[in-house]
Amino acid sequence: MPGTRAAHHREVERKFDVTEETPTPAFTGVAGVARVEQWPVQALEAVYFDTSAQDLARRKLTLRRRTGGVDAGWHLKLPAGPDARTEVRLPLGGADDEVPAELAEMVRAVVRGRPLAPVARISTTRVVYLLHGDDGAVAAEFCDDHVTASTFQPGTGEQRWREWEIELRAGDPDATLLDRLSGRLVDSGATPAGHGSKLARALGSPPADALADPDPLLQAVAEQVEQLPVIEHAVRADADDAVHQMRVTIRRIRSLLRAEPNRFTDSRAIDADLRWLAGVLGTARDAEVLAQRYRRALDRMAPQLVRGRVVERLVGGAEEAYRAGWAESVAAMDSPRYRQLLDRLETLAAESTAGDPGDRSPGTIRAAYRRVRKAAKATRVSGAGRDRARQDVALHRIRKAAKRLRYTASAMGAPSIAKQAKTIQTLLGEHQDSVVSREHLLTEARAAEEAGEDTFTYGLLYQQERDIARDCRAQLDQALDELAESMATFRGGRAGP
């Protein structure tokens with residue numbers, strides 16, 4: 001984040017439960033490990049902060065102040081995919097119980113004004129083993145931790161346990177190495193941890209109101225709503241692909257709300273605000289897509305075919321547009337409208353609906369599929385004429401309908417339908433990107449021509465985009481037929497093999 005003191009660190013790690021008697025593993029013979037270096041014993045002391053409702057823990061976020069070790073300081077950890085988290089670090093400084101303003105701002109959308117206070121104290125005696133690869137660099141780090149934990153909740157006692165962590169070092173993580181090292185730990189007597197973090201084990205189960213609702217549609221909505229403020233931090237930090245992930249989360253929520261709008265209070269007003277937010281983010285995302293698309297296409301071209309100021313105009317111009325769009329997105333997330341939207345989404349996620357969701361899920365999925373079929377029929381009609389623009393619009397409608405079907409089927413237990421709907425969505429997403437790119441290329445080519453520049457490369461790129469669109473259209477009928485076959489065998493929330 002521009003102007004910040006915070007350091008960002010990506011963790012790729014796995015945790016394991018072991019007993020006091022479990023012998024320390026040997027890593028000899030593990031492919032990718034040439035030498036093991038043991039560090040001196042470390043004494044780590046950490047105080048964890050959260051709200052009284054455990055708003056951070058419920059979303060798998062941790063905020064702590066730790067002393068001891070090489071990375072003493074304030075740490076905010078956010079989920080970043082399987083086995084991965086992003087850790088934001090700040091130096092200690094200030095009062096022990098005063099969360100730094102920068103970290104408090106990062107979780108503002110999650111805690112929503114509720115005070116952050118100490119919830120647990122965890123002491124760790126850690127032995128670190130650095131695992132060096134064949135090139136001599138540290139490939140991974142193994143930690144043998146003896147843990148003592150206590151919470152600030154009345155009536156709770158002290159807990160003690162031992163656990164292991166294996167973490168890949170920064171850079172390009174080698175997932176196969178992580179698997180090999182994990183296998184060695186299991187062979188030594190470890191079992192995959194039953195908790196995601198030391199704090200999760202110390203606190204135990206989340207509050208009752210945080211437990212998942214058994215209704216699959218409501219549960220899916222709640223899960224996406226909880227992700228939104230987490231992804232907000234990544235957008236503010238301008239993390240790679242963060243704008244895209246926030247738009248995906250918004251699309252999921254909108255699709256799920258539209259699956260059965262009458263089940264949710266104020267769903268139309270919420271949908272309108274989500275559409276507004278997606279539109280603001282769209283400026284940055286569209287520019288990001290164009291920059292990536294043109295960079296790849298130009299890198300694949302022979303140098304003699306890249307003429308004029310095409311790189312500066314296409315890639316540089318798109319990157320500049322992304323920066324402006326990103327700034328607009330951050331301003332939107334600072335607005336009262338966005339804060340009100342988060343409040344309403346939080347209320348919506350807490351709703352409960354009577355009735356057996358199993359009785360309605362097949363009908364909901366079939367209703368979503370009918371939208372795909374109707375849009376496909378309209379495309380065939382528009383395709384009979386010569387108006388390519390009308391057909392492009394019709395194809396985009398299929399994509400939106402397939403997207404809604406995908407998210408609905410995924411939430412309601414029809415994975416094969418969700419997978420085939422995703423295929424259609426991806427196919428037509430590529431087609432739509434081609435449509436947008438061609439319009440942009442025409443605009444930039446005209447500007448280049450007026451400036452007296454060589455426009456040869458714009459023509460090559462335009463033809464490539466036409467070829468991409470043609471190939472997407474050629475694959476569509478088969479994808480639609482495969483979806484129709486799965487829908488024909490759909491029974492009670494399951495479809496296909």
Heavy-atom side-chain proximity of [X] to [Y] below 4.5 angstrom:
X      : Y      : answer
Leu56  : Thr62  : no
Ile166 : Leu178 : yes
Asp454 : Val310 : no
Tyr407 : Ile253 : no
Leu177 : Leu131 : no
Ile250 : Leu277 : yes
Leu185 : Phe27  : yes
Glu453 : Arg313 : yes

Rounded to the nearest 0.5 Å, what separation is found between the [atom1] atom of [X] and the [atom2] atom of [Y]?
X      : Y      : atom1 : atom2 : result
Asp392 : Glu439 : CG    : CD    : 8.5 Å
Ile365 : Ser410 : CD1   : OG    : 9.5 Å
Ile231 : Arg247 : CD1   : CZ    : 13.0 Å
Tyr462 : Glu444 : OH    : CD    : 14.5 Å
Leu405 : Thr364 : CG    : OG1   : 11.5 Å
Leu461 : Gln463 : CG    : CD    : 11.0 Å

For [X] and [Y], which heavy atoms make the closest approach, and how far apart are they?
X      : Y      : answer
Val99  : Ala104 : CG1-N, 4.0 Å
Ser437 : Tyr294 : OG-OH, 3.0 Å
Glu87  : Asp71  : OE2-OD2, 4.3 Å
Ala402 : Ile424 : CB-CG2, 3.8 Å
Ala57  : Asp50  : N-OD2, 2.9 Å
Ala287 : Ala318 : CB-O, 3.4 Å

Among residues at least two apart in sequence or on other chains, which ones pass side-chain hydrogen bond (donor to acceptor under 3.5 Å, both in side chains) with [X]?
X      : value
Arg466 : none
Arg258 : Asp271
Tyr369 : none

Could you tell me which residues satisfy side chain to side chain contact (heavy atoms under 4.5 Å, CB included) with Leu130, sequence neighbours excluded, listed by chain and number?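 Leu130 satisfies side chain to side chain contact (heavy atoms under 4.5 Å, CB included) with Glu37, Trp39, Val128, His132, Val138, Glu141, Arg169 once adjacent residues are dropped.
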
Taking only residues two or more places apart in sequence or in another chain, which ones pass side chain to side chain contact (heavy atoms under 4.5 Å, CB included) with Glu482?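 So Glu482 forms a side chain to side chain contact (heavy atoms under 4.5 Å, CB included) with Gln420, Gln478.
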
Using side chain to side chain donor-acceptor pair (under 3.5 Å), reason through Glu232 and Tyr338 one step at a time and then give a plain yes or no. CA-CA 11 Å; Glu232 176 192 328; Tyr338 177 70; 2.8 Å; yes

Salt bridge check: are Arg446 and Glu450 linked by an N-O gap of less than 4.0 Å? no

Arg236/Asp334 salt bridge by N-O under 4.0 Å criterion: yes

In sequence, state the C-alpha distance, the side-chain angles, and the governing distance for Leu476 and Leu395, and then conclude on side chain to side chain contact (heavy atoms under 4.5 Å, CB included). CA-CA 10 Å; Leu476 178 59; Leu395 289 170; 3.4 Å; yes

Backbone of [Y] reached by a side-chain donor or acceptor of [X] within 3.5 Å:
X      : Y      : answer
Trp74  : Leu63  : no
Thr423 : Lys419 : yes
Arg371 : Arg404 : no

Side chain to side chain contact (heavy atoms under 4.5 Å, CB included), that's the test. Do Leu305 and Thr457 meet it? Break it down for me. CA-CA 6 Å; Leu305 299 180; Thr457 309; 5.6 Å; no

So, Gln475 versus Asp471: side-chain donor-acceptor pair below 3.5 Å or not? no

Side chains of Tyr458 and Glu449 only: does a donor on one sit below 3.5 Å from an acceptor on the other?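 No pair is found: no donor N or O on one side chain lies under 3.5 Å from an acceptor on the other.
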
Derivation of the side chain to side chain contact (heavy atoms under 4.5 Å, CB included) call for Arg252 and Gln227: CA-CA 11 Å; Arg252 285 182 180 271; Gln227 282 299 308; over 6 Å; no

Does atom CG (Asp240) have a neighbourhood of more than 12 heavy atoms from anything else shown, all under 6.0 Å? no

Show your working on side chain to side chain contact (heavy atoms under 4.5 Å, CB included) between Leu181 and Val33 and close with a plain yes or no. CA-CA 9 Å; Leu181 293 172; Val33 178; 4.0 Å; yes

Hey, could you give me each pair passing salt bridge (Lys or Arg N to Asp or Glu O under 4.0 Å) that has a residue in residues 287-296? Not counting sequence neighbours.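 Every salt bridge (Lys or Arg N to Asp or Glu O under 4.0 Å) pair that includes a residue of residues 287-296, provided the two are not neighbours, is Arg285-Glu288, Arg293-Glu430, Arg293-Glu465, Arg295-Glu319.
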
